[in-house]
Structure formats: structure tokens, C-alpha cells
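Just so you know, ligand 1 is whichever comes first in the structure, and atom 1 is the first atom listed for that ligand. Values below: all heavy atoms of this structure, side chains included; hydrogens, waters and symmetry mates excluded.
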Amino acid sequence: MPMSETFKERLFPILKEIVDHFGTPFHIYDESGIRKTGQALMHAFSKVAEFREYFAVKALPNPKVLEIIKDMGFGFDCSSIPELLMSRKIGARGTDIMFTSNNTTVEEFKAAAADGGCILNLDDITLVPKVPEMPELICFRYNPGPRRSGNTIIGNPVESKYGVSHEQLPEAYRAAMDRGARKFGLHTMLVSNELDYRYMVQTTEMLLEQVEVISDKLGISFEFINIGGGLGIPYRPDDRPLNLDAMAQEITEKFKQFRYKNGMEPKLFMESGRYMTGPHGVLVVTAINHKNTYRKYIGVDACMSSLMRPAIYGAYHHITVFGKESLPLGPPVDVVGSLCENNDKFAIQRRLPDIKQGDILIIHDTGAHGHAMGFNYNGRLRPKELLMRTDGSVELIRRQETVEDYFATLSFDADRIVPKKTGTQEN
Ligand SMILES: *Cc1c(COP(=O)(O)O)cnc(C)c1O
């Protein structure tokens with residue numbers, strides 16, 4: 001099921017008032033739902049020695065949401081300087097942050113080490129000498145290559161740009177040790193939006209096996225493994241939700257076996273984005289135009305700049321026509337935005353109840369990789385974000401973009417060079 005019944009029960013009775021006050025379009029997030037998912041994760045993994053979720057900031061980079069996640073005791077997975085700065089701004093420090101970048105710059109390494117540092121997760125062996133100062137605790141991202149298959153969003157590990165190869169992995173740890181690293185972690189991220197929990201169990205098994213091999217080889221021990229994000233959510237009404245309890249139970253069992261064999265067990269880290277916030281957000285839009293040509297089109301007051309997933313991945317997002325939930329479905333329509341790209345569609349040939357101009361449409365599951373992915377192509381601006389608190393109050397947590405924001409990068413100090421040797425010069 002997309003969007004939970006409890007989210008509906010909280011939102012629908014007050015939606016008209018929210019729309020009247022704030023105006024559409026907007027994303028709205030449900031604090032109660034986010035907290036409930038966080039608690040479910042902690043409960044599911046309560047039997048491993050230590051569990052921590054590092055929320056993937058890129059999924060929903062809003063300080064008000066990050067504060068909720070920090071309040072639950074979780075950390076943050078960052079991969080850029082702005083994400084680091086935002087996490088630190090709300091008080092995350094040191095081991096609260098895992099920095100998982102790729103194709104990393106020296107500037108990024110410096111930002112990662114600043115302000116109390118973070119857990120540095122290196123994507124490649126050649127980055128070891130480029131880290132300005134090797135921290136005591138270091139982690140590598142492992143790419144198992146042909147040993148595993150990926151899924152559709154993230155692709156086949158052999159073709160993926162991420163991570164240290166199987167052959168290079170022990171060498172990478174040795175190089176980090178030579179530069180002074182004394183504590184170690186092992187990370188991987190192989191899937192995205194995966195609903196089959198067994199994949200994560202296999203990933204755990206794979207990482208624990210590598211921990212044994214490398215520990216043996218180098219005489220080191222590991223503080224943690226990080227099994228990455230990628231837990232799926234049911235976007236389609238007939239998708240079966242990920243079986244969290246079965247996944248946690250089987251992963252816990254792998255840890256138990258590891259402890260039995262090795263007399264210790266590493267901590268278990270995870271860095272889910274989508275699973276934490278995806279189902280707890282919706283995009284609310286208004287129908288503004290009808291068009292009847294070769295197909296029927298419903299034009300709404302938002303476009304790809306609010307939600308890119310349908311256009312990029314052909315992703316399905318369930319749509320509810322507010323107040324018409326129990327009405328019969330009409331002939332198929334395309335629900336479209338105004339961008340001059342024919343893939344600017346929230347739904348393609350979808351059967352929905354009869355939509356009148358002014359109707360409110362609720363586009364489900366936009367709480368992760370929704371607003372954050374938006375762009376400004378075609379001069380399209382991003383919408384506002386709202387947060388529904390546990391007490392039912394609704395708060396603006398990001399304003400909509402303005403034309404001034406769009407023009408902001410055109411305001412700068414004049415700068416110009418006349419190259420001494422230009423292409424058109426004769427001699
Ligand atoms: C994007 C990303 C995540 C989060 O992915 P979800 O599918 O939202 O869980 C976690 N880790 C890394 C390294 C990522 O790039």
C-alpha cells in the first residue's frame with residue numbers, strides 16, 4: 001500500500017484548511033509516520049550488539065526533518081559539503097556522520113575532517129594518499145563485482161562506479177594502516193528500492209565474510225559494518241512491503257553466528273533514506289487544465305521540478321483525487337506539468353475518478369528523493385515543504401522558490417580575461 005492509512009487519517013480531515021492557508025503545490029511530511037518507522041527499525045534490530053541508522057540526507061535534506069531523525073538517536077549519511085554542513089548545523093558531530101562520497105575532492109576531505117570530523121568512508125584505494133590527514137577510524141565502500149547482482153535503479157555492481165574492488169580491498173586497508181588508521185569499518189550499497197529483504201541478508205553475510213578474511217589477513221578487527229540503504233517501499237497498491245522483521249531476524253542470526261565463531265561482533269549500521277521518509281510525504285497539487293486531443297490530459301500546478309522520479313525512472317507514484325476516493329474510475333488520463341519535455345508527467349494512462357478544474361490531487365510517497373531531486377530547467381521553480389507535527393499542527397519548513405532565487409547566480413562581481421593568444425589571432 002502507498003501512503004499509510006494513519007497518514008491519511010491525520011492529513012485528510014485538515015487538508016482543505018492547509019491548502020486554503022498555504023496554497024498548492026507543496027510537499028507535506030508526517031512527523032508521526034517518520035518516528036514510527038524509526039522506532040520499528042530500532043525495535044527490529046534490538047538484538048544485535050549495537051544498531052544505528054545513518055539517514056541518507058540526500059533523500060530529504062530539510063533541517064526540520066533531520067532534527068526529528070537526530071532526536072531518535074540516528075546519524076546522517078552525507079556525500080557532499082552542503083549535506084555535511086546541514087547535518088552539523090542541527091548538531092550532528094563526529095561519529096554521528098558518515099561521509100560516503102565518490103570521485104572525492106581534497107576540498108571535500110577537508111570539510112569532512114573539519115568541525116569534529118566524521119566517519120570517513122573511502123570509495124577507492126587511490127584516495128588513501130589523498131586524504132590530507134588519515135583519521136584513526138576509516139571505512140571503505142566495497143564493490144563485490146561479479147560476486148553479486150544489483151537491481152534496476154543502482155545497476156550491476158560490475159558496471160557501477162562505486163566502491164573498492166574485491167581484489168583491492170585488503171590492500172586498501174593496509175594502505176590506510178600505513179598512514180595511521182587503527183580502527184576499521186566496512187560498507188557497501190548495492191541496491192535501491194529493493195522489496196526483497198533477502199538481498200540485505202545476503203549483503204550482511206557478504207560483509208561479515210569479508211570482515212573475517214581481512215581481519216585474518218591483516219590482524220585487525222572491525223568496529224562496524226554498514227549494509228547501506230536501498231530498502232524498498234511499496235509505491236504500487238499491489239506491491240508487498242519489505243518484511244522488516246524477517247530481515248532483522250535473519251541478519252541478527254548472521255551476527256550471532258559471527259560472534260560464536262569470532263568471539264566478537266561489529267556494530268551494525270544502515271543508511272536508509274527512502275525507507276525512513278519516503279511513505280511519509282505526499283505532493284499536493286491542484287488540477288488547473290483539461291486537454292482532450294489524442295489522449296486526455298490533466299494539467300496540474302506542479303511539474304518535474306517538484307518530483308523527478310516518474311520522468312527519470314518511469315517510477316509509479318499513486319495518485320488520490322481528494323474527496324473522490326470512492327468514486328468510479330474514468331477513462332485513462334495523463335497527469336502532466338508545464339515543463340517543455342514530454343516526460344513531464346506524474347502519471348501516464350492512469351485511470352482516476354473524473355477530475356474537475358480546482359480538484360486537489362495527492363501524489364503519494366514523495367517523502368524521499370522527491371523535492372530534493374528537483375531542478376530549475378525551463379525556469380521551473382521548486383515548491384514549498386510543510387511538516388505535519390505529532391500534535392497535528394502544520395508548519396512551513398521551506399518556502400517555495402522565487403524568481404529572485406532563479407536569478408541569484410546572475411548577481412556576481414564582473415570578471416573577464418583577454419587570453420594573450422586567442423584563436424583568431426594571426427601570428
Ligand atoms: C542514496 C544513498 C543511500 C540511500 O538510498 P535509499 O534508497 O534512499 O535508501 C544510502 N547510501 C548511499 C551511499 C547512497 O548513495
Angle between ring planes, Tyr235 versus His317, binned at 30° and 60°: parallel, tilted or perpendicular? perpendicular
Exercise. Taking distance alone, with no angle check, do His187 and ligand 1 share an N/O pair under 3.5 Å?
Worked result: no
Assess, by modelled atom type and distance only, whether the side chains of Ser306 and His27 contain a donor and an acceptor separated by less than 3.5 Å.
no
Notebook entry, point to check: Would one find an N or O of His369, backbone or side chain, under 3.5 Å from an N or O of ligand 1?
Noted result: yes
Quiz item: With a 3.5 Å cut-off and no angle check, do the side chains of Glu271 and His187 form a donor-acceptor pair?
Solution: yes
Which of Lys8, Arg35, Arg10, Arg389 passes side-chain hydrogen bond (donor to acceptor under 3.5 Å, both in side chains) with Asp30? It is Arg10
Note: ligand 1 atoms sitting under 4.0 Å from heavy atoms of Thr100 are 13 (C)
Numbered in order shown, the ligand 1 atoms found under 4.0 Å of a heavy atom of Arg274 are 6 (P), 7 (O), 8 (O), 9 (O)
Ligand 1 to Asp77, heavy atom cutoff 4.0 Å, flagged ligand atoms 10 (C), 11 (N), 12 (C), 13 (C)
Closest to atom 2 (C) of ligand 1 by heavy-atom distance, out of Lys58, Met98, Met189, is Lys58
Ligand 1 to Tyr275 polar contact by distance, N or O atoms, under 3.5 Å: no
Ligand 1 to Ser272, heavy atom cutoff 4.0 Å, flagged ligand atoms 9 (O)
A student checking ligand 1 against Glu271 at a 4.0 Å heavy-atom cut-off should list atoms 3 (C), 4 (C), 10 (C), 11 (N), 12 (C), 13 (C)
Next item on the list: Validate the cation-pi geometry between Arg380 and Tyr377: distance from NZ or CZ to the six-membered ring centre under 6.0 Å, angle to the ring axis within 45°.
Entry: no
### Query
Does an N or O anywhere in Gly273 fall below 3.5 Å from an N or O of ligand 1?
yes
Can you tell me how the ring of Phe269 sits relative to the ring of Tyr54, calling it parallel under 30°, perpendicular over 60° and tilted otherwise? tilted
Flag for Thr402-Glu404: side-chain donor and acceptor within less than 3.5 Å:
yes
Looking at ligand 1, does Gly230 have a heavy atom less than 4.0 Å from it? yes
Original post:
Do Ser165 and Asn143 have a side chain donor and acceptor closer than 3.5 Å?
Top reply: no
Residue, atom and distance of the protein heavy atom nearest atom 4 (C) of ligand 1 read Ala56 CB, 3.4 Å
Q) Can a salt bridge be assigned to the pair Lys324 and Asp359 using a cut-off of 4.0 Å between side-chain N and carboxylate O? A) yes
Going by an N to O cut-off under 4.0 Å, is there a salt bridge joining Asp178 and Arg174?
no
Does Gly228 have a heavy atom less than 4.0 Å from any atom of ligand 1? no
Per-atom filter on ligand 1: closer than 4.0 angstrom to a heavy atom of Arg141 are 13 (C)
Here the atoms of ligand 1 under 4.0 Å from any heavy atom belonging to Ser192 are 7 (O)
Ligand 1 atoms nearer than 4.0 angstrom to some heavy atom of Gly229 are 9 (O), 10 (C)
